[in-house]
**Student:** 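If you scroll down you'll find the structure; I have some questions about it.
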Amino acid sequence: MKILKFGGSSVATPARIQSVIDIVKPLLATDVAVVFSAFGGVTDSLITMSTLALQGNLEYKTKLNEMEKRHLEAVRELINIQRQSGILAQVKFMVNELEDVLHGVYLVKERTPRTLDYVMSFGERLSAYIIAEAFKDRGHAAEFLDARKVIRTDSHFGYAKVDFEVTNKLIGEYFKHHPEVQIITGFVATSEGGETTTLGRSGSDYTAAIFAGALRATDLEIWTDVDGMMTADPRKVKKAFTVPQMSYEEAMELSHFGAKVIFPATMQPAMVNKIPIWIKNTFNPTFEGTVIHAESKNGKMIKGISSMNGVSLLSLQGSGLLGVVGASMRLFATLARENVNVILISQASSEHSICFAVENASAARAKAAIEKEFQYEIRNEEIDEMPCDNDLSIVAVVGDGMKHSPGTSGRMFSALGKNGVNVVAIAQGSSERNISAVIPQVDAAKALNALHEAFFLSDRKVLNVFLVGTGLIGKALVAMVNEQFAKLAKENRLEVNVVAVANSRKMLFNEDGLPLTTAIDSLVKEGEDMSMQAFYDKMLSLNLPNSIFVDCTSSPDVTAFYEAILSANISIVTPNKKANSSSMEDYRRLKATAFQRGAKFLYETNVGAGLPVINTMNDLLLSGDKVLRIEAVLSGTLNYIFSSFEAGRKFSDVVKEAKAKGYTEPDPRDDLNGMDVARKILILSREAGLDMELSDIVVENLVPATCQGDISIDEFMTRLEKHDADFEALRKQAADKNEKLRYMAVLDGGVVKIQLGSVEGKHPFYSLSGSDNIILLTTERYHDRPMVIRGPGAGAEVTAAGVFADVIRIGHYAK
Ligand code: ADP
Ligand code: ASP
Ligand code: MG
């Protein structure tokens with residue numbers, strides 16, 4: 001004997017019912033019985049109708065009419081026209097009965113749990129009836145069985161408890177006299193008193209297990225809308241995959257903590273009778289799915305991760321709790337009496353508090369009942385009034401393999417911590433099969449994905465990049481990610497998703513990653529209006545794991561958000577110097593926030609574009625070295641200008657040429673005034689451990705006094721010509737000594753000076769060409785000969801490459 005069960009989504013439309021019939025057809029000649037849920041969504045809508053009626057809202061009739069129409073249409077589509085009328089009449093008859101009940105609720109404004117069970121029972125009764133008729137219509141020897149005839153329960157409406165002794169007997173007897181294939185209603189049963197009960201939401205799985213147990217079935221098949229039991233809910237974790245097999249206990253833990261794919265009680269009858277449970281996909285029937293059986297093979301530490309939203313955490317606590325006799329007994333007896341289902345319990349060994357989780361809906365009831373039970377102790381201040389935290393979630397990692405294998409909880413909490421998920425409470429069953437953590441519900445999706453990554457894709461990482469700034473660097477970065485995407489995914493198991501792009505006008509988001517070839521074009525065409533606040537809000541609300549904010553602007557409006565971004569555990573990568581060159585206090589605060597939150601703040605490209613300057617310096621300092629002196633040419637633009645300024649050329653012409661080639665800022669004075677160099681050497685000095693402000697730096701401004709002030713760029717260029725002779729004099733003076741002009745920044749003895757000077761032929765700066773940068777680091781270890789870092793120090797490509805490298809660095813850290 002085999003029992004099959006098809007859930008609501010498998011029978012949501014007549015077309016789907018037809019596919020189900022096709023799946024069952026080959027088995028009809030064998031010993032088989034089939035359990036059906038209500039058509040998808042019908043139970044929910046029955047509950048809504050009764051709620052509307054209860055509220056005196058006549059809308060319930062509209063809903064009822066829709067439901068009736070849906071069932072009548074199913075009959076018309078599934079059954080031959082000659083046989084339809086009797087069946088349509090029966091459906092109408094049942095719907096009329098339901099209407100009478102709802103009318104009663106409407107009139108008396110009361111809906112007891114008993115009435116609600118009765119109302120809900122119509123879903124399964126209608127669906128199994130219609131499907132049984134559809135089988136018959138195709139010439140199969142099928143018969144409708146209303147499970148209320150054979151499943152006996154107590155009168156705990158909404159969650160009735162099965163009397164197996166009576167039920168097993170009734171089922172056995174019934175099947176002896178009914179050789180046809182039974183098409184059975186899931187979910188519903190009858191109390192000893194003859195009233196309709198239900199087995200709990202999603203209880204049709206349980207119905208099937210009850211029949212399987214009673215009939216000693218060889219197999220129980222639960223047919224649903226996913227490829228079996230998966231490593232996590234595929235609706236919440238896109239990368240979840242099928243677990244081929246697991247133990248009854250593992251399945252029970254996973255479903256208890258929210259894996260809705262199977263109802264927790266289903267495992268009980270199957271386990272007792274050693275019946276394997278297969279979870280199969282109606283929409284992919286040839287796929288093996290999952291088998292749940294007695295053993296758990298394969299050495300994986302954990303099998304799955306589940307989560308449950310809408311949880312409240314309450315705790316019984318107080319300085320006098322230790323002395324209160326039988327406190328936990330009284331606590332849990334009170335909860336049992338109030339019919340409050342306790343999902344999780346956690347007690348610290350100090351015995352000063354016992355905390356437990358319940359569904360949000362029962363939190364207030366639990367709190368009131370317990371405060372009443374302990375009113376005397378509360379009055380005596382032995383126990384506090386009960387604190388209650390709502391809107392939490394529980395995430396649970398489950399697997400028989402975690403037993404005796406250290407490291408599971410380490411991995412779990414490190415993944416949660418790295419993603420800034422605050423853990424409110426923890427529980428681990430002594431069976432060592434499950435570790436659960438109570439966390440804020442807003443973080444549930446992020447936590448699930450981060451845990452899934454940590455346990456199942458530990459050699460693989462997804463980075464979620466939020467890019468602001470689509471100028472030359474931003475564009476080059478997107479192109480680079482696009483080029484490298486496949487290789488990184490394959491060789492480094494790193495997937496770089498660009499989730500958002502924005503410029504000063506527009507922003508565009510796609511949680512699954514924007515198509516990289518079209519991202520920038522789409523931004524212009526489809527983007528929403530940009531504001532940094534809106535961008536930040538959206539980024540936070542997406543709450544994705546391994547989020548990285550990349551700032552390719554030079555705007556202080558963007559850096560103003562850094563603190564908040566790091567506080568939200570989002571890492572930052574940027575070539576924008578504005579943050580690190582603002583006040584020392586801001587610089588320190590950003591570093592401290594990043595450190596506290598475990599987020600990364602990487603800005604290698606603040607100095608020398610893609611050259612490894614800051615990381616190198618950090619490595620030196622970390623390994624105990626000390627920076628004594630820095631000598632550097634840090635402006636690619638100024639280096640270009642001075643290396644092109646040769647005999648026979650006019651200084652103003654060289655500046656014009658640099659501007660035409662796009663090497664200068666739009667206003668070349670922004671390069672010539674030395675402030676860009678000042679910001680860079682300031683950052684290097686700070687990285688070297690100095691406490692320094694921008695105002696401490698002595699900068700030689702190369703913009704002649706007559707060219708300063710509020711004049712246009714063109715006017716500036718014209719006025720600059722008047723100073724060509726001065727610059728030529730400087731050049732010649734140097735050339736006469738066989739020296740070259742260089743704009744240099746020097747940190748020495750804690751003092752920074754930036755000035756135009758000349759260097760002789762032996763000096764490493766002498767041969768510097770184009771827009772190269774050079775940094776000489778004299779340290780305690782590199783004392784006699786300084787360390788030299790030299791190479792292209794400007795340009796979108798090399799800067800983007802440096803930004804990309806920082807992003808990847810975060811990827812490695814996240815692993
Ligand atoms: P049915 O209507 O067939 O009873 P359910 O909606 O009750 O189906 O259960 C199937 C759903 O369970 C899936 O669509 C999926 O979203 C959810 N689910 C939650 N956790 C898991 C998991 N670990 N594996 C598979 N599905 C899961
Ligand atoms: N139809 C019921 C529900 O939606 C039972 C089930 O589908 O398993 O809860
Ligand atoms: Mg279900």
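Here the structure is a predicted model, which means the values were calculated and not measured.
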**Student:** Under a 3.5 Å cutoff, is there a donor and acceptor pairing between the side chains of D724 and S652?
**Tutor:**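 Their side chains do contain a donor-acceptor pair, which is all the 3.5 Å distance test asks for.
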
**Student:** Donor-acceptor pair, T718 side chain versus D714 backbone, under 3.5 Å?
**Tutor:**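 Present.
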
**Student:** For residues S758 and E739, is any side-chain donor paired with an opposing acceptor at under 3.5 Å?
**Tutor:**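 Yes - a donor-acceptor pair under 3.5 Å links their side chains.
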
**Student:** Are there over 12 heavy-atom neighbours, none belonging to K656, within less than 6.0 Å of that residue's NZ?
**Tutor:**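 Yes, NZ of K656 has more than 12 neighbouring heavy atoms, counting only those of other groups under 6.0 Å.
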
**Student:** Could you list the residues that satisfy side-chain contact (heavy atoms from CB on, under 4.5 Å) with V798, not counting sequence neighbours?
**Tutor:**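 side-chain contact (heavy atoms from CB on, under 4.5 Å) check on V798 returns A609, P792.
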
**Student:** Are the side chain of K578 and the backbone of S554 linked by a donor-acceptor contact shorter than 3.5 Å?
**Tutor:**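 Yes.
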
**Student:** Using 30° and 60° as the class boundaries, would you call the ring planes of H452 and F456 parallel, tilted or perpendicular?
**Tutor:**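 Ring orientation, 0 to 90° scale: tilted.
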
**Student:** For L566 and L590, work out which heavy atoms get closest and say how close.
**Tutor:**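 Shortest heavy-atom contact: CD1-O, 3.6 Å.
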
**Student:** Is the backbone of V442 close enough, under 3.5 Å, to the side chain of N543 for a donor and an acceptor to pair up by distance?
**Tutor:**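 At least one qualifying donor-acceptor pair exists.
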
**Student:** Is a side-chain N or O of R597 found less than 3.5 angstrom from the main chain of S567, in a donor-acceptor match?
**Tutor:**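 The answer is yes, because a donor-acceptor pair under 3.5 Å joins these two groups.
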
**Student:** Between F651 and F642, is the ring centre distance below 6.0 Å?
**Tutor:**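 Yes; F642 has its ring centre under 6.0 Å from that of F651.
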
**Student:** Would you kindly say whether R629 and T778 are connected by a side-chain donor-acceptor distance under 3.5 Å?
**Tutor:**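 No, T778 and R629 have no side-chain donor paired with an acceptor closer than 3.5 Å.
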
**Student:** Would D551 and Y562 count as having a side-chain donor-acceptor pair, cut-off 3.5 Å?
**Tutor:**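 Per modelled atom types, D551 and Y562 side chains form a pair under 3.5 Å.
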
**Student:** When you measure from the side chain of N639 to the backbone of G770, do you find a donor-acceptor pair of N or O atoms at a distance under 3.5 Å?
**Tutor:**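 Checking the backbone N and O of G770 against the side chain of N639, a donor-acceptor pair under 3.5 Å is found.
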
**Student:** Charged N to carboxylate O under 4.0 angstrom, E657 versus R649?
**Tutor:**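 Salt bridge between E657 and R649, a charged N being under 4.0 Å from a carboxylate O: yes.
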
**Student:** Is Y766 atom OH crowded by more than 12 heavy atoms from other residues, nucleotides or ligands, each under 6.0 Å away?
**Tutor:**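 Result for OH/Y766: enclosed.
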
**Student:** Do E453 and N449 pair up side chain to side chain, a donor and an acceptor below 3.5 Å, judged on atom types alone?
**Tutor:**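 Side chains of E453 and N449: no pair found under 3.5 Å.
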
**Student:** Do you see a donor-acceptor pair shorter than 3.5 Å between the side chains of K661 and Y640?
**Tutor:**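 Yes, side-chain donor-acceptor contact under 3.5 Å.
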
**Student:** So does E665 get a backbone contact from the side chain of D671, meaning a donor-acceptor N/O pair under 3.5 Å?
**Tutor:**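 Checking the backbone N and O of E665 against the side chain of D671, a donor-acceptor pair under 3.5 Å is found.
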
**Student:** Out of the candidates L694, I754, N673, V677, only one should pair with V699 under the side chain to side chain contact (heavy atoms under 4.5 Å, CB included) rule; please name it.
**Tutor:**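 Of L694, I754, N673, V677, side chain to side chain contact (heavy atoms under 4.5 Å, CB included) with V699 is met by I754 alone.
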
**Student:** Which atom names give the shortest non-hydrogen contact between R742 and F765, and what distance separates them?
**Tutor:**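 Smallest interatomic distance, heavy atoms only, reads NE-O, 2.8 Å.
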
**Student:** Scan side-chain atoms only and decide if N464 and N546 contain a donor-acceptor pair under the 3.5 Å cut-off.
**Tutor:**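 No - no donor-acceptor pair under 3.5 Å links their side chains.
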
**Student:** Is the NZ atom of K538 crowded by more than 12 outside heavy atoms at less than 6.0 Å?
**Tutor:**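 Correct, the count exceeds 12.
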
**Student:** Measure across T605 and T799 and return the closest heavy-atom pair with its distance rounded to 0.1 Å.
**Tutor:**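 For T605 versus T799, the nearest heavy atoms are CG2-O, 3.4 Å.
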
**Student:** Apply the test salt bridge (Lys or Arg N to Asp or Glu O under 4.0 Å) to residues K659 and D667: give CA-CA distance (whole Å), side-chain angles for both, the deciding distance (0.1 Å), then the verdict.
**Tutor:** CA-CA 8 Å; K659 179 168 158 47; D667 185 341; over 6 Å; no

**Student:** Is it the case that more than 12 heavy atoms not belonging to K591 sit under 6.0 Å from its NZ atom?
**Tutor:**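 Check passes, neighbour count above 12.
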
**Student:** Under 3.5 Å, is there a donor-acceptor pair between the side chain of E604 and the main chain of G802?
**Tutor:**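 No, E604 side chain to G802 backbone: no donor-acceptor pair under 3.5 Å.
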
**Student:** We want to know whether Y587 and E687 form a side-chain donor-acceptor pair, criterion being a heavy-atom distance below 3.5 angstrom.
**Tutor:**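 Note: Y587 and E687 side chains meet the donor-acceptor criterion.
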
**Student:** Could you tell me whether a side-chain N or O of R505 sits under 3.5 Å from a main-chain N or O of V524, the two making a donor and an acceptor?
**Tutor:**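 The answer is no, because no donor-acceptor pair under 3.5 Å joins these two groups.
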
**Student:** From the options K238, K490, K239, select the one residue that forms a salt bridge (charged side-chain N to carboxylate O under 4.0 Å, His left out) with E495.
**Tutor:**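 Exactly one candidate clears the test, K239.
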
**Student:** Is it true that E721 and K650 make a salt bridge, defined as a side-chain N closer than 4.0 Å to a carboxylate O?
**Tutor:**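 Here E721 does not pair with K650 in a salt bridge, since their nearest N and O are not under 4.0 Å apart.
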
**Student:** Can you establish whether the number of heavy atoms outside I808 located under 6.0 Å from its atom CD1 is more than 12?
**Tutor:**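 Enclosed.
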
**Student:** Does the pair Q755 and Y743 meet the rule for a side chain to side chain contact (heavy atoms under 4.5 Å, CB included), with working shown?
**Tutor:** CA-CA 6 Å; Q755 60 195 23; Y743 191 67; 5.7 Å; no

**Student:** With a 4.5 Å cut-off on side-chain heavy atoms, are I774 and P764 touching?
**Tutor:**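 SC-SC contact between P764 and I774 confirmed.
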
**Student:** Quiz question: by atom type and distance under 3.5 Å, do the side chains of H723 and T706 form a donor-acceptor pair?
**Tutor:**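 On atom types as modelled, these side chains qualify, holding a pair under 3.5 Å.
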
**Student:** Using the side chain to side chain contact (heavy atoms under 4.5 Å, CB included) rule, pick out the option among I614, I789, I681 that qualifies with V607.
**Tutor:**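 Of the listed options, the one satisfying the test is I614.
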
**Student:** So, does N497 use its side chain to make a donor-acceptor pair with the main chain of V499 at under 3.5 Å?
**Tutor:**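 Pair absent, no side-chain N/O of N497 close to backbone of V499.
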
**Student:** Identify which one of H783, M787, R781 satisfies the side chain to side chain contact (heavy atoms under 4.5 Å, CB included) criterion when paired with D625.
**Tutor:**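 With D625 as partner, side chain to side chain contact (heavy atoms under 4.5 Å, CB included) holds for just one option, R781.
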
**Student:** For a quick test of reading the model, state the closest non-hydrogen atom pair linking A450 to A415 and the distance between them.
**Tutor:**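 Closest pair (atom of A450, atom of A415, distance): O-CB, 4.1 Å.
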
**Student:** Check R679 against S581 and note the closest heavy-atom contact, atom names and distance.
**Tutor:**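 Taking every non-hydrogen atom into account, NH1-OG, 2.8 Å.
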
**Student:** Would you say Y782 has more than 12 foreign heavy atoms packed within less than 6.0 Å of its OH?
**Tutor:**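 It does not: Y782 OH has 12 such atoms or fewer within range.
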
**Student:** Please name the pair of heavy atoms, one in N419 and one in K446, separated by the smallest distance, quoted to 0.1 Å.
**Tutor:**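 It is O-NZ, 2.8 Å.
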
**Student:** Does R686 reach the main-chain N or O of M692 with its side chain, forming a donor-acceptor pair under 3.5 Å?
**Tutor:**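 Yes, R686 side chain to M692 backbone: donor-acceptor pair under 3.5 Å.
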
**Student:** Decide if the gap between the ring center of F535 and the ring center of F561 is smaller than 6.0 angstrom.
**Tutor:**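 No, they do not, as the ring centres are separated by 6.0 Å or more.
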
